[in-house]
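To find a chain, count down the sequence lines: A is the first, B the second, and so on, and within it residues start at 1.
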Protein chains: 2
Amino acid sequence: MNTATFGALAEPHRLGMVELLREGPLSVGDIAERLAMGQPQASKHLRVLSDAGLVESQPAANKRMYKLRQEPLQEMDEWLSAFRASWEARLDRLDALLAELQGKERKE
Amino acid sequence: MNTATFGALAEPHRLGMVELLREGPLSVGDIAERLAMGQPQASKHLRVLSDAGLVESQPAANKRMYKLRQEPLQEMDEWLSAFRASWEARLDRLDALLAELQGKERKE
DNA sequence: CAGATATATATCCAATTGGATATATTATAG
DNA sequence: CTATAATATATCCAATTGGATATATATCTG
């Protein structure tokens, strides 16, 4: 797992950008406006997201459209799966325990 | 989603700690040794992880055992699910496309 | 071509951060 | 109680970071 992904998402404005771009591509100006920040700040944060591979941009006339890239998030998802395994195991044990208790209840 | 979780995982040593603790609880000394770092550094990083809720500790004799907490990772997992939906939709469309191509192939 | 619009970049600054070292704290052993 | 082992904390330092402002660059409009 790449720490750059976590680093990029560790800043509230950038996390907001990623969540915002989930709805679809946006221009820098739109992003800056919707997140209530200055344009240079938005560009700077988008640069960080872009370096981390979380977004990509393409020119559109006067503007520049940014959109999400899925790869880093998919990588995160795969990384998490190792942990998911362990907490699902716990839930399974809980299920087993509850089932056992149910069984006893019926017998008594 | 809490940026503190991402912030805590944005540092390679701390990411390593979390992955290490996946195998089970460890003392500070063990963690420091396995990650080849000094004890004060390990304590400092563990503090950050603890503040982010990613680990918890309990005293054991002379030592202090650290273990993973699942909640922040589960929260990450839920946060990711919103994105998972969109990329699974893409895969579905790809499947549909492939199926359609298969169908045409058979007809011709 | 001239002005306007959108974006990127450069610079300055204060705050945060990670590493290293020294020291304080707590518990165990003898 | 004293010495030791394990850990936490304090301090110093260099590097990084986010915000703000100014400026450069590129594209569109007329």
Side-chain angles (χ1 to χ4, degrees), chain A residues 1-21 23-69 72 76, chain B residues 1-21 23-69 72 76:
Chain A
M1 181 63 204
N2 193 352
T3 54
T5 305
F6 290 130
L9 297 174
E11 207 281 327
H13 285 127
R14 288 197 294 265
L15 184 62
M17 285 179 174
V18 168
E19 291 173 345
L20 190 55
L21 290 176
E23 304 166 14
L26 286 176
S27 71
V28 177
D30 288 343
I31 296 172
E33 187 184 355
R34 298 207 29 194
L35 295 182
M37 67 174 89
Q39 173 269 312
Q41 287 73 30
S43 285
K44 205 170 172 182
H45 284 305
L46 284 168
R47 182 81 146 90
V48 175
L49 288 174
S50 178
D51 287 347
L54 278 161
V55 302
E56 63 186 358
S57 65
Q58 84 191 107
N62 212 5
K63 309 185 174 181
R64 184 163 279 265
M65 303 302 290
Y66 279 84
K67 61 176 232 181
L68 266 187
R69 284 189 70 246
M76 248 180 74
Chain B
M1 181 65 206
N2 193 352
T3 55
T5 305
F6 290 131
L9 296 174
E11 208 282 325
H13 285 128
R14 289 196 294 264
L15 184 62
M17 284 180 173
V18 168
E19 290 173 347
L20 191 55
L21 291 175
E23 304 165 15
L26 287 175
S27 71
V28 177
D30 288 343
I31 295 172
E33 186 184 354
R34 298 205 32 191
L35 295 182
M37 68 173 89
Q39 173 269 313
Q41 286 74 31
S43 285
K44 204 169 170 181
H45 284 304
L46 284 167
R47 182 83 147 90
V48 176
L49 288 174
S50 177
D51 287 347
L54 277 160
V55 303
E56 62 187 1
S57 65
Q58 83 191 107
N62 212 7
K63 308 187 176 181
R64 184 163 280 265
M65 303 301 289
Y66 280 83
K67 64 177 229 181
L68 267 188
R69 285 188 70 247
M76 247 181 73

Q) Quick one: is C:dA8 close enough that its OP1 or OP2 comes under 4.0 Å of any side-chain N or O from A:Arg47? A) no

Q. Which nucleotide, C:dT7, D:dT7, D:dA6, lies nearest any side-chain atom of A:Ser27?
A. C:dT7

Q. Of B:Leu49, B:Val28, B:Leu26, B:Leu20, which meets side-chain contact (heavy atoms from CB on, under 4.5 Å) against B:Tyr66?
A. B:Val28

Q: Determine the minimum heavy-atom distance between A:Leu15 and B:Met1, stating which atoms define it.
A: CD2-O, 3.6 Å

Q) Taking the side chain as C-beta and beyond, is there a heavy-atom pair between B:Ser43 and B:Gln39 under 4.5 Å? A) yes

Q.
Measuring from the side chain of A:Ala61 (C-beta onward, heavy atoms only), which nucleotide among D:dC28, D:dT9, C:dT7 has the closest atom?
A. D:dC28

Q: Would you kindly compare A:Leu46 and A:Asn62 by the position of their nearest DNA chain C nucleotide and give the one closer to the 5′ end?
A: A:Asn62

Q: For A:Leu49 and D:dT17, give me the distance from atom CG to atom C1', rounded to whole Å.
A: 14 Å

Q) Is the backbone of B:Gly53 close enough, under 3.5 Å, to the side chain of B:Arg69 for a donor and an acceptor to pair up by distance? A) yes

Q: Specify the separation, in whole Å, of atom CD of A:Gln58 and atom P of C:dA6.
A: 18 Å

(Q) Just the rounded figure in Å: distance from P of D:dA6 to NZ of B:Lys63. (A) 6 Å

Q) Counting only side-chain N and O atoms of B:Tyr66, is one of them less than 4.0 Å from OP1 or OP2 of D:dA8? A) yes

Q. Would you call B:Asp30 and B:Arg34 a salt bridge, taking side-chain N to carboxylate O under 4.0 Å as the test?
A. no

Q.
Heavy-atom count check: over 12 atoms from other residues, nucleotides or ligands less than 6.0 Å from A:Glu56 CD?
A. yes

(Q) Side chain of A:Gln39 only, heavy atoms from C-beta on: which candidate in D:dT7, D:dT9, C:dT7 is closest? (A) C:dT7

Within the sub-3.5 Å range, which N or O atoms of nucleotides 18-20 of chain C have a protein N or O partner, and how far apart are they?
from   : atom 1 : to      : atom 2 : distance (Å)
C:dG18 : OP1    : B:Arg14 : NH1    : 3.4
C:dG18 : OP1    : B:Arg14 : NH2    : 2.9
C:dG18 : OP2    : B:Arg14 : NH1    : 3.4
C:dG18 : N7     : B:Lys44 : NZ     : 3.4
C:dG19 : OP1    : B:His13 : ND1    : 3.0
C:dG19 : OP2    : B:His45 : NE2    : 2.6
C:dG19 : N7     : B:Lys44 : NZ     : 3.2
C:dG19 : O6     : B:Lys44 : NZ     : 3.0
C:dA20 : N7     : B:Gln41 : NE2    : 2.8

Q: Using atom CD of A:Glu33 as one end and atom P of C:dA6 as the other, report the distance to the nearest whole Å.
A: 11 Å

